[in-house]
S.K.: 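Please find one structure pasted underneath; my questions will follow.
Everything numeric in this text was worked out from a predicted model, so none of it was measured.
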Amino acid sequence: MIAGLPFAFGAPAILFGLLALPVIWWLLRLTPPRPQAEPFAPLAILARVLKAEETPSRSPWWLTALRLLIAALVILALAEPVLNPRDRALSSNGPLALIIDNGWATSPDWQTRTEAAEALIGEAEDLDIPVSIVFTANRRHDATPTSFERAREQLRAAKPQPLRPERSASVTALIAALGQTRPGTIAYITDGIDTADAAEAFSRLSALEPGPIRIIGAEDAEALALTNADNGAEALTVTMSRLTSAGAERFDLTASDNKGRNIAAGEIRFEAGEAEATGTILAPFEIRNDISRLDVRGVDTAGTARLLDDSFRRRRVALVSGEAADIAQPLLSPLYYINRALSPYADLIQADTEQLSASVPRLLEQSPAVVVLSDIGTLPEDVSTGLNEWVERGGTLIRFAGPRLAAAPADDRLLPVLLRKGERELGGALSWIEPQPLADYPATGPFAGLPTPRDITVRRQVLAEPSSGLAARTWASLADGTPLVTAADRGAGRVVLFHVTAEASWSNLPISGHFVDMLRRVVQLSRAVSGGGEAGSGILPPWRLLDANAALVPASGDAKPLDLAAGTAIQAGRDNPPGLYGSEDGFVALNLFRPGDTLAPITIPEFEAPVTRSTLSADSAVDFRPWLFGAALIALLADTLIVLILNGAFRRRGMKPASAAAALVFATTLTLSMFAAPGTPRAQDSQPGDAELLESMDRTRLAYVITGDDETDNISRLGLDSLSRYLFSRTALEPGTAIGLDIETAPLALYPMIYWPMSEDADIPSPGAISRIDAYMKSGGTVLFDTRDRIVDLGGGSSALTVRLQQILASLDIPPLEPVPADHVLTKSFFLLDTFPGRYSDGPLWVEAIPQSDNPAERPARAGDGVSSILITGNDMAAAWAMDEQGFPMFSTVPADPWQREYAFRAGVNIVMYMLTGNYKADQVHIPALLERLGQ
């Protein structure tokens, strides 16, 4: 590698061949001895008759320089020059230890990662060293040093996983597979995201005492992750973390329902320097409750998909109290603490009247998920019947005790258990029992996992009658074993009873934060149905799992059931990949990231061994050998053609030197196109590529100037295509389809005539374009300018289109013009015409003026094969020619004469024939004299 430059030669010794260039120069300049000339008498006579041909005794200096260039190009190509060569620094003192992250963040660029790994395996193959390969997100590892073929098979079989990498476990497998063998090189293709075990993994890698260490991909890593979604009162709030925080970015969010339909959208904006940001999805409450998945548009990974289950949905909770609200003392209101506890997580609706027979039915009409009754004893029969039917359809009824409920009849069907009459007082003047704290929650109940508060005590409660099923219906109890919360299933719904009041008169539970957690658990259960295993066991089998590309696929493989009864927070991992656990009837969503998780760049520690860092990209090395060999081939072709031209080979075959030069230019262009760099932009319709060039050289094609006005350009294209079809049907000419030209860059010399319509919206051509048009006209091409405004007088036109034409002509070197004379070749090049109409018929066709003569009969038609380099009309000829796909005219003629369109086509045929054949029919001016002589 050249110092300071990312450039190297694969075989630098071949560069010594450049020293032979002076010798090659001398050999090329060397000429054989001149032969002796013996005088022969007849030769003197032949010398006066034959034209002498002189052959230079030495090759021209520029031809010699060309041949030296060919030799230099070949020598440089053989030296294998490479720009940005890859670091080939593998150690041959041990196997290559290849560690590859294949976690959730590697899915978008997995192909690039496999290419980088393939290059490393190829280097190991060149050094004939074994390869030990591990993938950090796989459950099982086969890290035994193996052959290159086996390593490539492992690489092809690997795929990204929707999991976080477990680097420490992978290093453990690598160490066990290496045994006492010391690795030669450790190459780590990382996703660049830090994990809890990354530092430990690097420390253990350093202990292996490897040779060089290569870290690939840590410097250019990018990743996004959705870490939380909260269904608030007004909008859905989404939290996202990104790995890099350098610049400002914006990402679009899509929300879909359980059928995959996009039902809402939002965005998240990161300011410069921010690694975490939040965005909102504004949608009505009912639509937000239908959202089952969030995605970042355009980024498909397991980290950018957020699955939502029934616990995410915001419930509608109806509140009913048996006691009138006291505005002066809100803290004594039975619904005050319930309202404060549930308002952040549910939409609350309250009774608008104290009459239960009127308020409860109206509340049920709003389809609440939960109805809360605070200290309501006896319910009217119609209200009780309606509530019971609503519960059996799936509703959740939560009741709180109080003096009214304690005095109510014991046979209330809307109670989960049978209650004793009255209430139990703990710690009163006539009681010898102290207020009771809460006992630990059952492991299988809905409150499992909540910490048991020791500062909450109950002073009064309603008691349940002992029964065989009381324990199964108890969700929470006091330290003395008496129930605090009981529940019972009724049909598809549930009835839950808190044996204390909803305010702080019986216990301090309502004024604690634990009260919020308990109510939220109960409300979340209002629509949740056990998804598998025993009812209420909390063990859910895997149902649908996320793959690395964020697609939900049927559960398979090593995924284990999700145990919600353990009482600990569940983290997605190899045993429980992210996805949906349960069944179609009910499921729990497990996401890769939990609320509060963030992405952080991986930290590479200092190693005693030399460390090489490189970006994760496709092989950026540029091999110049194809370019140099291609240039040498082009130069060799040029040398061959030059030698043939100098030796007169084309003259002997009737080929003009100019044609040979054109063939040389075409061959050079074609060869250059063969060696075009991958990804080089191809020309569009306005700039024909190789195929169009070949077709244009093989077949006549009419061309028009692209003005930038879509309507005008479309009329020009359709008109010239229609004229081409007319030419095909009436003449021996078989033109191809018309082509639009960008006069700034297009090869104009390929087309005998260019149609240029004027447009008010078109930009004035640049001086360079005007210069190209001027050169085209002077070299034999013809431009047909069409103002499309019935121009009569070139000097006095006042329309905007005529003014535009005058601005263009002002920069061109054009000859004097005149309307087409009656004896001009244009009037008889194919059809006999006296006018040249288009869509309009009253405008003349202007051509180069023919020199005037005193005797009109002796006026020359056109000398030689000269063709007028400029034609000007205002009759809008393309509009008269234009036909739609069904073959009907697109524009009517003015005036509406059916024969005018036919004459417009004939005028077009005459113009094309005039361009292609010149004035060979100019002798028709002598036809009267010839006929007169034949008649004598």
S.K.: Can you check side chain to side chain contact (heavy atoms under 4.5 Å, CB included) on Gln461 and Leu484, steps first, answer last?
M.R.: CA-CA 8 Å; Gln461 67 176 147; Leu484 175 65; 5.5 Å; no

S.K.: Is there a donor-acceptor contact under 3.5 Å linking the side chains of Arg413 and Ser384?
M.R.: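 Side chains of Arg413 and Ser384: pair found under 3.5 Å.
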
S.K.: With sequence neighbours left out, write down each residue that passes ring pair (Phe, Tyr, Trp, His ring centres under 6.0 Å) with Phe135, or none if nothing qualifies.
M.R.: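 Checked Phe135 against ring pair (Phe, Tyr, Trp, His ring centres under 6.0 Å); zero matches.
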
S.K.: Are Leu226 and Leu253 side-chain neighbours, meaning at least one heavy-atom pair lies under 4.5 Å?
M.R.: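 When only atoms from C-beta onward are counted, Leu253 and Leu226 do touch, with a gap below 4.5 Å.
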
S.K.: Check Arg454 with Asp440, please: is the shortest side-chain N to carboxylate O separation under 4.0 Å?
M.R.: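 Arg454 and Asp440: salt-bridged.
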
S.K.: Using 0.5 Å steps for rounding, measure from the CD atom of Glu249 to the CZ atom of Arg242.
M.R.: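 Rounded to the nearest 0.5 Å, the CD-CZ separation comes to 5.0 Å.
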
S.K.: Looking only at heavy atoms, which two atoms of Leu335 and Ser374 are closest? And how far apart?
M.R.: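 In terms of heavy atoms, the two residues are closest at CD2-CB, 3.8 Å.
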
S.K.: Kindly indicate whether the side chain of Leu552, heavy atoms from C-beta on, has any atom under 4.5 Å from the side chain of Leu307.
M.R.: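 The answer is yes, as the side chains (C-beta and beyond) meet within the 4.5 Å cut-off.
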
S.K.: Quick one: does Asn549's side chain have a donor or acceptor within less than 3.5 Å of a partner on Ala551's backbone?
M.R.: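 No.
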
S.K.: Please determine which of Phe447, Tyr441, Tyr337 meets the ring pair (Phe, Tyr, Trp, His ring centres under 6.0 Å) test together with His514.
M.R.: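 Single ring pair (Phe, Tyr, Trp, His ring centres under 6.0 Å) partner of His514 among Phe447, Tyr441, Tyr337: Tyr441.
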
S.K.: State, to 0.1 Å, how close Arg399 and Gly377 come at their nearest heavy-atom pair, and which atoms those are.
M.R.: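 In terms of heavy atoms, the two residues are closest at NH2-O, 3.5 Å.
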
S.K.: Under the ring pair (Phe, Tyr, Trp, His ring centres under 6.0 Å) rule, collect the residues that match up with Trp390, sequence neighbours excluded.
M.R.: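 For Trp390, no residue satisfies ring pair (Phe, Tyr, Trp, His ring centres under 6.0 Å) once neighbours in sequence are set aside.
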
S.K.: Holding to salt bridge (charged side-chain N to carboxylate O under 4.0 Å, His left out), I want the full list of residues that pass it with Lys159, two or more places apart in sequence or in another chain.
M.R.: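 Counting only residues at least two positions away or on another chain, Lys159 forms no salt bridge (charged side-chain N to carboxylate O under 4.0 Å, His left out).
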
S.K.: Would Arg164 and Asp191 pass as an ion pair if we require N to O under 4.0 Å?
M.R.: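 Asp191 and Arg164: not salt-bridged.
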
S.K.: List for me each residue that meets salt bridge (charged side-chain N to carboxylate O under 4.0 Å, His left out) alongside Arg340, sequence neighbours excluded, and say none if there are none.
M.R.: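 Salt bridge (charged side-chain N to carboxylate O under 4.0 Å, His left out) list for Arg340, sorted by chain: empty.
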
S.K.: So which atom in Pro510 and which in Ala502 form the shortest heavy-atom distance, rounded to 0.1 Å?
M.R.: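 That closest heavy-atom pairing would be CB-O, 3.5 Å.
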
S.K.: Please identify each residue that fulfils side-chain contact (heavy atoms from CB on, under 4.5 Å) with Ala479, with sequence neighbours left out.
M.R.: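 Ala479: side-chain contact (heavy atoms from CB on, under 4.5 Å) contacts with Gln436, Pro437.
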
S.K.: With a 4.0 Å cut-off on N to O distance, would you call Arg420 and Glu465 a salt bridge?
M.R.: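 Yes, Arg420 and Glu465 are salt-bridged.
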
S.K.: With sequence neighbours excluded, give me every salt bridge (Lys or Arg N to Asp or Glu O under 4.0 Å) pair touching residues 254-269.
M.R.: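 Those involving residues 254-269 are Arg250-Glu267, Asp257-Arg261, Glu267-Arg269.
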
S.K.: Can any side-chain N or O of Thr486 pair as donor or acceptor with the backbone N or O of Val417 at less than 3.5 Å?
M.R.: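 Answer holds: no.
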
S.K.: Fit a plane to each ring of Phe400 and Phe498, take the angle between them on a 0 to 90° scale, and name the class: parallel (under 30°), tilted (30 to 60°) or perpendicular (over 60°).
M.R.: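 Plane angle under 30°, so parallel.
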
